[in-house]
Amino acid sequence: MKVKVNIINKSKNALPAYATDLSAGMDLRASLDAPVTLNPMQRKLIPTGLFIELPEGYEAQIRPRSGLALKKGITVLNTPGTIDADYRGEIGVILINLGEEPFVIENGERICQMVIAQHAVATLVEVDELTDTERGAGGFGHTGKK
C-alpha cells in the first residue's frame with residue numbers, strides 16, 4: 001500500500017528513500033552545519049531538516065538503524081519516536097551513544113529509519129470488569145522459558 005506524504009526538505013541532503021522495494025523504513029540523515037560528537041552515555045537532539053505532513057490516520061515512527069546500534073552503540077533514545085499527523089515542525093532525532101567510544105555525526109550521516117504506519121483511534125469504554133483469558137493478568141515473562 002502506498003500513501004502520499006507531503007515533505008519540505010531544508011537540508012542539503014537528498015529526500016529519504018526506500019533502499020529496496022520491500023524495505024519498511026527509509027533512512028533519515030543528519031542536517032548539520034558542523035560535525036556533532038556524541039560521547040559515551042551522551043544524548044543529543046539531531047536535526048534532519050525535514051518537515052512532513054502525514055494524512056489523518058497515519059504516524060511516522062522513528063527507529064534506530066541496526067548497523068549503528070550493533071557496530072557503534074548509537075540508538076534512538078525514545079524508540080520508537082512517534083510523529084503525529086498534526087505535527088508540522090522539523091523532525092528531530094534523539095540519539096544516544098551507548099558505546100564505549102565518542103561517535104562523530106557528520107552532515108548527511110544516516111542516523112535512523114522512518115516507518116510510515118497506519119493506526120487506529122480507540123474509543124475507551126469504561127467497564128467494571130474485563131473478560132477472562134487463559135493468561136489473565138500474567139505479564140513480564142509470564143510465559144517463561146520452554
Side-chain angles (χ1 to χ4, degrees), residues 1-127 130 133 135 137-146:
M1 173 175 60
K2 293 193 179 208
V3 61
K4 178 184 160 193
V5 175
N6 294 331
I7 187 166
I8 295 173
N9 183 1
K10 293 187 178 180
S11 78
K12 295 178 179 144
N13 304 309
L15 284 178
Y18 295 99
T20 69
D21 289 343
L22 298 179
S23 294
M26 54 187 110
D27 290 340
L28 299 188
R29 297 177 183 272
S31 178
L32 302 169
D33 293 327
V36 171
T37 300
L38 265 181
N39 291 311
M41 296 309 296
Q42 187 178 27
R43 64 186 178 270
K44 288 188 179 177
L45 181 64
I46 307 299
T48 65
L50 301 174
F51 302 74
I52 60 174
E53 179 181 343
L54 294 163
E56 185 176 338
Y58 286 83
E59 66 167 328
Q61 299 173 2
I62 304 302
R63 301 177 181 181
R65 293 190 64 239
S66 57
L68 274 182
L70 177 64
K71 296 173 187 171
K72 303 291 183 178
I74 305 300
T75 192
V76 177
L77 189 57
N78 61 323
T79 300
T82 297
I83 301 169
D84 296 308
D86 58 352
Y87 178 67
R88 295 295 184 268
E90 181 178 9
I91 296 173
V93 181
I94 305 168
L95 291 183
I96 187 166
N97 182 352
L98 300 177
E100 298 173 359
E101 302 291 329
F103 181 75
V104 178
I105 303 165
E106 305 277 351
N107 182 58
E109 178 110 27
R110 295 179 299 157
I111 56 171
C112 67
Q113 292 187 73
M114 179 172 70
V115 174
I116 306 298
Q118 200 168 16
H119 67 84
V121 175
T123 299
L124 300 180
V125 179
E126 194 167 359
V127 297
L130 304 175
T133 65
R135 181 176 183 171
F140 298 104
H142 169 74
T143 57
K145 293 182 181 181
K146 303 253 177 187

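Side-chain atoms are counted along with the backbone in the values below, which use heavy atoms only and exclude waters and symmetry mates.
- Closest of all the heavy-atom pairs between Asn107 and Ala30 is OD1-O, 3.2 Å.
- The shortest non-hydrogen separation linking Ile83 to Leu54 is O-CD1, 3.5 Å.
- From Arg43, atom CZ reaches atom CD1 of Ile94 across 8.5 Å, with rounding to the nearest 0.5 Å.
- Nearest heavy atom pair, residue Gly25 against residue Val115, reads CA-CG2, 3.8 Å.
- Heavy atoms only, all atoms of each residue included: Ala85 and Tyr58 are closest at CB-O, 3.6 Å.
- Around the CG atom of Asn6, the shell of radius 6.0 Å holds more than 12 heavy atoms that belong to other residues, nucleotides or ligands.
- Distance check, rounded to the nearest 0.5 Å: CG of Asp27 to CG of Asn13 gives 12.0 Å.
- Around the CD atom of Glu101, the shell of radius 6.0 Å holds no more than 12 heavy atoms that belong to other residues, nucleotides or ligands.
- Nearest heavy-atom pair, Ser31 versus Gly49, reported as atom, atom and distance to 0.1 Å: CB-N, 3.7 Å.
- Counting heavy atoms from C-beta outward, Glu100 and Pro40 have side chains that stay 4.5 Å or more apart.
- The distance from atom CZ of Arg88 to atom CD1 of Ile8, rounded to the nearest 0.5 Å, is 9.5 Å.
- Across every non-hydrogen atom of Leu45 and Gly92, the tightest pair is CD1-C, 3.6 Å.
- To the nearest 0.5 Å, atoms CZ (Arg65) and NZ (Lys72) are separated by 12.5 Å.
- At a threshold of 4.5 Å between non-hydrogen side-chain atoms, the residues Leu68 and Thr75 do not count as touching.
- Side-chain atoms of Cys112 and Thr48, non-hydrogen and from C-beta on, never get closer than 4.5 Å to each other.
- Side-chain contact between Met114 and Ile91: present, with at least one pair of heavy atoms (C-beta onward) separated by less than 4.5 Å.
- In this structure, CG in Leu28 is found 6.0 Å from CG in Leu50, a value given to the nearest 0.5 Å.
- Atom NZ in Lys44 sits 12.5 Å away from atom CZ in Phe103 (nearest 0.5 Å).
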### Task
For the pair Val5 and Glu53, evaluate side chain to side chain contact (heavy atoms under 4.5 Å, CB included) and give the outcome as yes or no after the intermediate values.
CA-CA 6 Å; Val5 175; Glu53 179 181 343; 5.9 Å; no

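- No side-chain heavy atom of Lys10 sits under 4.5 Å from any side-chain heavy atom of Glu90.
- Under the 4.5 Å side-chain criterion, counting only non-hydrogen atoms from C-beta, Val76 is not in contact with Ile111.
- Looking at heavy atoms from C-beta onward, Ile62 lies out of side-chain contact with Gln113 at the 4.5 angstrom threshold.
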